[in-house]
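Quick caveat: nothing in here was measured; it's all calculated off a predicted structure. In what follows, every heavy atom counts, from backbone to side chain, and hydrogens, waters and symmetry copies are set aside.
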Amino acid sequence: MMTIAFQPPLIARPADLGATLFRQGYAVLGASQLAGLSGVPLSAMLSWCDLWNDLPPDNYLKDGGRYRRRRHSCFVLDGTQVKQAPHRPHWQPLAYNALHGGMQRHFEAMEPSLTQQAHWLQLLGWLGQVADDLKGHRTWYSEAHQFRIDTTDGIGRPTPEGAHRDGVDLVAVFMVGRHGVKGGETRVFEADGPNGQRFTLNEPWSLLLLDDERVIHESTPIQPVDVAGHRDTLVVTLRSGGFQE
């Protein structure tokens with residue numbers, strides 16, 4: 001049976017980003033739109049993809065799976081200033097992550113070869129500007145997560161906790177790459193309403209932005225196509241008031 005992949009609803013014009021995010025609580029950018037808005041060349045972002053080949057396993061999966069690898073680092077954004085924060089465990093309350101919340105999860109830090117790059121800092125700074133435009137200027141406490149979901153167990157779960165919010169202000173989900181898999185459909189729903197959208201992010205360095213107060217999101221499981229495959233993403237969250245703890 002053929003699986004139908006719904007195309008992501010890209011914004012019509014890059015200039016529409018702020019209005020679209022404000023109106024519906026989410027927005028999707030193609031890779032060229034992202035590069036144009038952020039000022040980070042697409043070639044620079046594509047050069048980062050190989051770093052997803054060296055992610056340590058996530059040893060905290062409560063479903064017993066072996067399908068997730070990740071790294072994690074924290075940053076503080078204030079206007080044009082972006083500074084890496086001291087390495088810290090990742091923590092979420094049970095209210096936002098019923099499966100893995102309520103415990104400190106210690107992941108290895110992202111590689112300095114990425115986090116010290118000027119283009120990386122520029123990308124985070126641009127996300128801070130997007131959050132400023134949406135919520136008003138604040139100091140943003142940002143957590144960045146490199147994820148690889150693979151099909152080691154025959155199936156990989158990008159969001160084993162199910163449809164959820166992250167307890168932050170803005171969530172950015174970058175599609176880094178998909179190789180030899182089917183599934184992984186993105187689903188976005190109004191937190192307090194009936195409307196929803198489903199689509200599949202395929203293009204490397206396309207981007208889904210989410211106003212976390214207004215929408216919930218999830219990604220469906222992936223399965224291999226003939227041989228083992230994987231799905232790589234970069235998830236960056238921005239929160240005012242401090243890191244969750």
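- Distance check, rounded to the nearest 0.5 Å: OG1 of T220 to CD1 of I155 gives 9.0 Å.
- Contact annotation: the side chain of W48 never approaches that of L234 to less than 4.5 Å [non-hydrogen atoms, C-beta and beyond].
- Separating the SG atom in C74 from the NE2 atom in H87 is a distance of 7.5 Å, to the nearest 0.5 Å.
- Under the 3.5 Å distance criterion, the side-chain polar atoms of W205 are matched with a main-chain donor or acceptor of M45.
- Counting only distance, with no hydrogens or angles, the side chain of D212 and the backbone of D166 share a donor-acceptor pair below 3.5 Å.
- Of the possible donor and acceptor atoms, none in the side chain of T186 sits under 3.5 Å from a partner among the backbone N and O of T200.
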key: R231 and F147: CA distance, side-chain angles, deciding distance, side-chain contact (heavy atoms from CB on, under 4.5 Å) verdict   = CA-CA 8 Å; R231 178 180 185 266; F147 287 106; over 6 Å; no
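- Side-chain atoms of R214 come within 3.5 Å of backbone N or O of R23 as a donor-acceptor pair.
- Across every non-hydrogen atom of R68 and P160, the tightest pair is NH1-CD, 3.8 Å.
- Not one N or O on the side chain of D232 forms a donor-acceptor pair closer than 3.5 Å with the backbone of R148.
- No continuous path of ILVMFWY side-chain contacts below 4.5 Å connects V236 to I149, so the two sit in separate hydrophobic clusters.
- The shortest heavy-atom contact between G184 and R178 is O-NH1, 3.8 Å.
- Annotation: side-chain hydrogen bond (donor to acceptor under 3.5 Å, both in side chains) contacts involving residues 31-44, sequence neighbours excluded, are absent.
- For the atom pair NE2 (H106) and CZ (R88), the distance works out to 10.5 Å, reported to the nearest 0.5 Å.
- Using a 4.5 Å heavy-atom threshold, the side chains of T20 and Q24 count as touching.
- Note that CG of L77 is 13.5 Å distant from CZ of R138, once rounded to the nearest 0.5 Å.
- The backbone N or O of G183 lies less than 3.5 Å from no partner atom in the side chain of Q223, so there is not a single donor-acceptor pair.
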K83 vs D78, salt bridge (Lys or Arg N to Asp or Glu O under 4.0 Å): CA-CA, chis, key distance, verdict = CA-CA 9 Å; K83 296 182 179 179; D78 189 357; over 6 Å; no
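- Looking at every heavy atom in both residues, A27 comes nearest to L17 through CB-CD1, 3.7 Å.
- Residues P158 and S219 come closest through the heavy atom pair CB-CB, 3.7 Å.
- At least one donor-acceptor pair under 3.5 Å links the side chain of Q122 to the backbone N or O of G39.
- Using cut-offs of 30° and 60° on the angle between ring planes, the pair F107 and Y60 is perpendicular.
- Between H217 and H164, the ring planes lie tilted relative to each other; the angle falls in the 30° to 60° range.
- For the pair D211 and K135, the salt-bridge criterion is met [side-chain N within less than 4.0 Å of a carboxylate O].
- Atom CG of residue L201 and atom CZ of residue F6 lie 14.5 Å apart, to the nearest 0.5 angstrom.
- Looking only at side-chain heavy atoms (C-beta outward), H90 and H145 come within less than 4.5 Å of each other.
- V28 and L21 are assigned to two separate hydrophobic clusters, defined by single-linkage of ILVMFWY side chains at heavy-atom distances under 4.5 Å.
- Note: the hydrophobic cluster containing Y26 does not contain L238 (ILVMFWY, side chain heavy atoms under 4.5 Å, direct or indirect links).
- Counting all heavy atoms, side chain and backbone alike, S142 lies closest to F243 at O-CE2, 3.5 Å.
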task = Would you please test Q84 and M110 for side-chain contact (heavy atoms from CB on, under 4.5 Å) and show each step?
result = CA-CA 11 Å; Q84 187 163 1; M110 297 170 64; 6.0 Å; no
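- The backbone N or O of M175 lies less than 3.5 Å from no partner atom in the side chain of S206, so there is not a single donor-acceptor pair.
- Annotation: side chain of W140 is not in contact with side chain of L127 (no heavy-atom distance under 4.5 Å).
- The 12-atom threshold is exceeded at CG of N53, counting heavy atoms of other residues, nucleotides or ligands nearer than 6.0 Å.
- Ion pairing of D150 with R66 is absent here, as no side-chain N (NZ or NE/NH1/NH2) approaches a carboxylate O to less than 4.0 Å.
- For the atom pair H179 NE2 and T151 OG1, the distance stands at 12.5 Å (nearest 0.5 Å).
- Side-chain contact between P194 and E190 is present, with at least one heavy-atom pair separated by less than 4.5 Å.
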key: Derivation and outcome, side-chain contact (heavy atoms from CB on, under 4.5 Å), residues F75 and T115   = CA-CA 10 Å; F75 304 84; T115 60; 3.8 Å; yes
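- Contact annotation: the side chain of V76 approaches that of Y141 to within less than 4.5 Å [non-hydrogen atoms, C-beta and beyond].
- D16 places no side-chain N or O within donor-acceptor distance of the main-chain N or O of I11, the cut-off being under 3.5 Å.
- In terms of hydrophobic clustering, with Ile, Leu, Val, Met, Phe, Trp and Tyr side chains grouped at heavy-atom distances under 4.5 Å, V173 and V130 are assigned to different clusters.
- Connection of L208 to V171 is established within a shared hydrophobic cluster, with ILVMFWY side chains joined at heavy-atom distances below 4.5 Å, either directly or through further cluster members.
- Side-chain contact between P57 and R69: present, with at least one pair of heavy atoms (C-beta onward) separated by less than 4.5 Å.
- The heavy-atom pair separating H137 from G79 by the smallest distance is CE1-N, 3.5 Å.
- Although no hydrogens or angles enter the test, the distance criterion places no donor-acceptor pair under 3.5 Å between the side chain of H230 and the main chain of V181.
- Using a 4.5 Å heavy-atom cutoff, the side chains of I222 and Y67 are not in contact.
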